[in-house]
Amino acid sequence: TSGALTGLTLSGGDAANYTTSGGSGSVTIAARALTVTAAASSKTYDGATTSSVVPTITAGTLVTGDTANFTQTFNNKNVGTSKTLTPAGTVNDGNSGNNHTVTFVSANTGTITAKGLTVSGITASNKVYDGTTAATLNTTGAVLVGKVGSDVVNLATGSATGVFADAAAGTGKTVTISGLTISGGDSGNYTLTQPTTTANITAVTATVTLASLMHTYDGTPKSATATTTPSGLTVDFTYDGGAVAPTETGAYTVVGTVSESNYQGSATGTLYIVPAITSVTGPANGSYRADQALNFTVNYSGAVTVNTT
């Protein structure tokens with residue numbers, strides 16, 4: 001750069017014999033050297049090469065008042081480790097950056113990890129208890145969730161299977177899905193989380209057949225019994241609405257209900273307790289006319305209602 005020279009002075013033993021006058025000349029201002037190195041950066045795949053980390057000035061310094069605008073980018077958008085990061089940018093120094101020479105140094109310190117995908121729209125069918133955890137899936141509405149932009153990622157549902165958390169009857173039971181896969185040009189940038197859904201397992205309807213409904217009074221409780229189809233199921237009984245088996249003579253409404261969680265079914269009947277004949281007395285031994293009335297006395301255990309009609 002060039003300009004006027006001012007402020008010149010003379011010194012020495014003979015300086016008084018001279019005068020000075022202004023002049024002009026030129027000086028050279030060298031650009032300030034900087035080295036900018038890419039900084040380690042990790043991110044989850046987002047379909048872009050941008051890095052949120054600012055590269056570092058590793059040699060030289062900025063003059064007070066100057067500011068830097070440095071960024072760095074990955075060499076490509078894809079998932080990987082030890083990926084190349086390349087810095088770039090300018091210095092705001094009032095001279096369009098010309099007051100600095102910047103050397104940019106790349107580094108293989110970048111990491112892009114796979115983005116997680118999920119799947120929505122898969123349902124499981126309700127079923128009747130069958131002792132297994134197998135579930136039937138409906139994958140018609142399956143949709144990938146989380147894909148970036150126009151990335152090519154395809155969902156395959158052909159091998160999907162579902163299992164209930166357990167085989168027992170219940171509502172809103174968790175069904176775990178497996179066997180879903182992804183493919184396509186960008187699928188390597190993603191991981192797929194297998195989804196879950198819910199469905200019901202309803203109890204099997206069993207047949208209950210009541211038995212032991214007729215008893216003779218003897219002062220002890222009288223209970224009904226039952227057989228079931230399928231066989232061997234536990235049945236609880238009520239007698240006129242109560243759980244205690246009756247003792248006294250009479251007719252009682254019996255309800256037998258399957259009490260196992262995976263089965264449902266009941267039957268209703270009438271249990272009878274009839275009086276027992278304890279003795280019979282009649283006329284003394286002898287000869288009687290054919291038209292002569294004979295009187296007999298029948299004694300029962302328990303109350304008896306006599307119908308004289």
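Computation of the quantities below employed the complete heavy-atom set of this structure, encompassing side-chain atoms and omitting hydrogens, waters and symmetry-equivalent molecules.
- Here the CD1-CG distance, from I29 to N95, works out to 9.5 Å after rounding to the nearest 0.5 Å.
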Exercise. Take I112 and K77 through the side-chain contact (heavy atoms from CB on, under 4.5 Å) test and state the conclusion after the steps.
Key: CA-CA 8 Å; I112 299 179; K77 70 174 185 176; 5.7 Å; no

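- Checking side-chain atoms of K147 against main-chain N and O of Y190 turns up no donor-acceptor pair under 3.5 Å.
- Within a 6.0 Å sphere centred on OH of Y239, heavy atoms belonging to other residues, nucleotides or ligands number more than 12.
- Side-chain contact annotation: T132 with D130, donor-acceptor N/O pair under 3.5 Å present.
- The side-chain heavy atoms of T118 and P195, taken from C-beta on, include no pair separated by under 4.5 Å.
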N/O donor to acceptor pairs below 3.5 angstrom from side-chain atoms of residues 165-176, sequence neighbours left out:
from : atom 1 : to   : atom 2 : distance (Å)
D166 : OD1    : A168 : N      : 3.0
D166 : OD1    : K173 : NZ     : 2.7
K173 : NZ     : A168 : O      : 3.3

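- Residues V258 and V204 are members of one and the same hydrophobic cluster, defined by side-chain heavy-atom contacts under 4.5 angstrom among Ile, Leu, Val, Met, Phe, Trp and Tyr.
- Between the side chains of S178 and T161, at least one donor-acceptor pair of N or O atoms lies under 3.5 Å.
- Contact annotation: the side chain of V63 never approaches that of D93 to less than 4.5 Å [non-hydrogen atoms, C-beta and beyond].
- If you check the side chains of T90 and N69, you find no donor sitting under 3.5 Å from an acceptor.
- Put simply, V36 and V54 are part of two different groups of oily side chains (I, L, V, M, F, W, Y) that touch within less than 4.5 Å, one to the next.
- L62 contributes atom CG, which lies 4.0 Å from atom CD1 of I57 (distance to the nearest 0.5 angstrom).
- Side chain to side chain, S212 and T225 meet the donor-acceptor criterion of an N or O pair below 3.5 Å.
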Quiz item: Should T270 and L213 be marked as a side-chain contact (heavy atoms from CB on, under 4.5 Å) after you check the CA-CA gap, both sets of side-chain angles, and the distance that decides it?
Solution: CA-CA 7 Å; T270 304; L213 297 177; over 6 Å; no

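- Summarising the geometry, atom CG belonging to D218 is positioned 12.0 Å from atom OG1 belonging to T249; distances are rounded to the nearest 0.5 Å.
- Side-chain atoms of H215 and L271, non-hydrogen and from C-beta on, do get closer than 4.5 Å to each other.
- Under the 4.5 Å side-chain criterion, counting only non-hydrogen atoms from C-beta, L192 is in contact with L144.
- A donor atom on one side chain and an acceptor atom on the other are not found under 3.5 Å apart for D186 and Y45.
- Of all the heavy atoms in T44 and A114, the pair that sits closest is CG2-O, 3.8 Å.
- By the rule that hydrophobic residues join a cluster once side-chain heavy atoms approach within less than 4.5 Å of another member, I182 and V145 end up as members of separate clusters.
- The two atoms that bring L137 and G162 nearest to each other are CD1-N, 3.6 Å, heavy atoms only.
- For the residue pair N98 and S96, no side-chain donor N or O sits within less than 3.5 Å of a side-chain acceptor on the partner.
- Following chains of ILVMFWY side-chain contacts shorter than 4.5 Å, one can reach I201 starting from V128, so the two form part of one hydrophobic cluster.
- Nearest heavy atoms, P275 versus Y217: CA-CB, 4.2 Å.
- Between V91 and L34, some side-chain heavy-atom pair lies under the 4.5 Å cut-off.
- Here the side chains of P87 and F70 are not in contact, with every heavy-atom distance at 4.5 Å or above.
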Quiz item: Taking it one step at a time, do T157 and L180 satisfy side-chain contact (heavy atoms from CB on, under 4.5 Å)?
Solution: CA-CA 5 Å; T157 61; L180 299 171; 3.8 Å; yes

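- For Q72 against S41, the heavy-atom pair with the smallest separation is NE2-CB, 3.7 Å.
- The two residues L85 and S51 come nearest to each other via the heavy atoms CD2-CB, 4.4 Å.
- Across all non-hydrogen atoms, the minimal contact from A203 to S261 is CB-O, 3.8 Å.
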